Protein chains: 2
Amino acid sequence: MKLSTKGRYAVTAMLDLALHAGKGPITLAEVSGRQHISLSYLEQLFSRLRKANLVDSIRGPGGGYELKRPATQISIAEVVLAVNEPITATRCNGKGDCQGGDVCLSHQLWSELSDQIYQFLSGITLDHVIQRDFVQQVAERQNVRFREEDVIAFG
Amino acid sequence: MKLSTKGRYAVTAMLDLALHAGKGPITLAEVSGRQHISLSYLEQLFSRLRKANLVDSIRGPGGGYELKRPATQISIAEVVLAVNEPITATRCNGKGDCQGGDVCLSHQLWSELSDQIYQFLSGITLDHVIQRDFVQQVAERQNVRFREEDVIAFG
DNA sequence: GTAAAGTTGACTAAATTACTCGGGTATGAG
DNA sequence: CTCATACCCGAGTAATTTAGTCAACTTTAC
Ligand code: FES
Ligand code: FES
């Protein structure tokens, strides 16, 4: 499978949404501030997340994004898939033709690895992740720092 | 972890070596012919495999490469590691600093994924792979075709 | 109306990957 | 001895992918 910064950013951003759920729409500007991901880049990512039906968008002032389903029902695999290419560790993308039309020696091996990764990532939901102490602590630190930056910027 | 064409080629080439073990050194030209990997590229890969103590090289006429250890004792993970960067799915390479010196929300998740992939790949040896019917069939096809090409080229 | 926010698509810069090339060096067969 | 075989090595490059920017547009609350 393809695990790029893009996929990692998407997951991070979705975790941020999950952590701040239930308080109305979250703007990308907030996510950008807390997670240090450029706003324009987030726009790109959320365009895909929206098309994949993982988030709802609310336009206009007071708008933003929110999770379309509860965090308990969105798996990490879905998020990665939404912004990346299909999950596969093969060179041939599952077609079995990477040796000039024929299947190569190691094809089966990579297929199995793809399965493993997919199984792992689809067994974990956004909620599983944000329940962890570790993540809670990181989130708390980010909240504090984000408010401090507000003070510096606007106070 | 980083799973590039390079890693896949390395595994394929090592499988070829394993399949033709016990008949003296295998030249890269043979591997290249059977697996359709460019000779220059193979040289690059085997340079690393040799430095990682996975293969022995024999120079001069009649020379080539052979596995340094039996195929039952070389894991896929070792091969991938030998040609790629360290196995990690994190952005920070395990340092926990990808958010301007601080750990990011999803760090722990990617660490766990890295573990999973590593566990999987290190649990499979070259021998496990070449024992499979599927792989045996592909190998047989390659042998036949390779001999046919000999005839065309030299006969 | 106007400012906040999402929407879109094209564009660019940087990084990585996947190679190639050209010249080495060791060595065994004849 | 010699020379063809095969490994050895590092620089260089072309292609692809990734990461990120920019500018113009739409919707909507106040
Ligand atoms: S990876 Fe599928 S044929 Fe080689
Ligand atoms: S992936 Fe390690 S800190 Fe973000």
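Treat the numbers as computed from the prediction; the structure is a model and nothing was measured.
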>> With nearest nucleotide decided by heavy atoms, which residue, B/Thr27 or A/Ser40, maps closer to the 5′ end of DNA chain D?
In response: B/Thr27
> Hey, mind stepping through A/Gln131 and A/Asp127 against side chain to side chain donor-acceptor pair (under 3.5 Å) and telling me if it holds?
Replying inline: CA-CA 6 Å; A/Gln131 290 309 326; A/Asp127 189 62; 3.0 Å; yes
>> I want to confirm an ordering. Mapping A/Ser38 and B/Lys51 to their closest nucleotides on DNA chain D, which one lands closer to the 5' end?
In response: B/Lys51
> Do the side chain of B/Gln44 and the base of C/dT20 come within less than 3.5 angstrom through a donor-acceptor pair of N or O atoms?
Replying inline: yes
>> Judged by each residue's nearest nucleotide on DNA chain C, which is more toward the 5′ side, A/Ser47 or A/Gly62?
In response: A/Gly62
> What pair of heavy atoms forms the shortest contact from B/Val138 to A/Cys104, and how long is it?
Replying inline: CG1-C, 4.2 Å
>> Can you tell me if B/Arg50 touches the phosphate of D/dC9, counting only side-chain N or O atoms and a distance under 4.0 Å to OP1 or OP2?
In response: yes
>> Please classify the nucleic acid contact of B/Tyr9 as base, sugar-phosphate, or nothing, using heavy-atom distances under 4.0 Å.
In response: sugar-phosphate
>> What is the distance, to the nearest angstrom, from the CZ atom on A/Arg48 to the C1' atom on C/dT8?
In response: 13 Å
>> From CD of B/Glu43 over to C1' of C/dA18, roughly how many Å is that when rounded to an integer?
In response: 15 Å
> Atom CD of A/Glu30 to atom C1' of C/dA4: distance rounded to whole Å?
Replying inline: 13 Å
> Does the pair A/Arg132/B/Glu112 count as a salt bridge with the N-to-O cut at 4.0 Å?
Replying inline: yes
> A/Ile58 has an atom CD1; how far is it from atom P of D/dT27, in whole Å?
Replying inline: 16 Å
>> Nearest to the side chain of A/Pro61, heavy atoms from C-beta on, is which of C/dG28, C/dA4, C/dG22?
In response: C/dA4
>> Can you identify which nucleotide, out of D/dC7, D/dG20, C/dA18, has its nearest atom closest to the A/Tyr41 side chain?
In response: D/dG20
>> Without decimals, in angstroms, what is the distance between A/Leu28 CG and D/dT21 C1'?
In response: 16 Å
>> For a salt bridge (Lys or Arg N to Asp or Glu O under 4.0 Å) check, start with the C-alpha distance between A/Lys23 and A/Glu30, then their side-chain angles and the critical distance, and finish with the verdict.
In response: CA-CA 13 Å; A/Lys23 307 170 202 157; A/Glu30 289 174 67; over 6 Å; no
>> Distance check needed: C/dT7 P versus A/Leu45 CG, whole Å only.
In response: 13 Å
>> Please determine whether any donor N or O and acceptor N or O are separated by less than 3.5 Å between the side chain of A/Arg59 and the base of D/dT28.
In response: no
> CG of B/Leu42 versus P of D/dC7: gap in Å, rounded?
Replying inline: 10 Å
>> Does C/dT7 have its OP1 or OP2 closer than 4.0 Å to a side-chain nitrogen or oxygen of A/Tyr65?
In response: yes
> A/Ile37 has an atom CD1; how far is it from atom P of D/dT18, in whole Å?
Replying inline: 17 Å
>> Please determine whether side chain to side chain donor-acceptor pair (under 3.5 Å) holds for the pair B/Ser106 and A/Thr12, giving the CA-CA distance in whole Å, both sets of side-chain angles, and the decisive distance to 0.1 Å.
In response: CA-CA 6 Å; B/Ser106 52; A/Thr12 304; 2.9 Å; yes
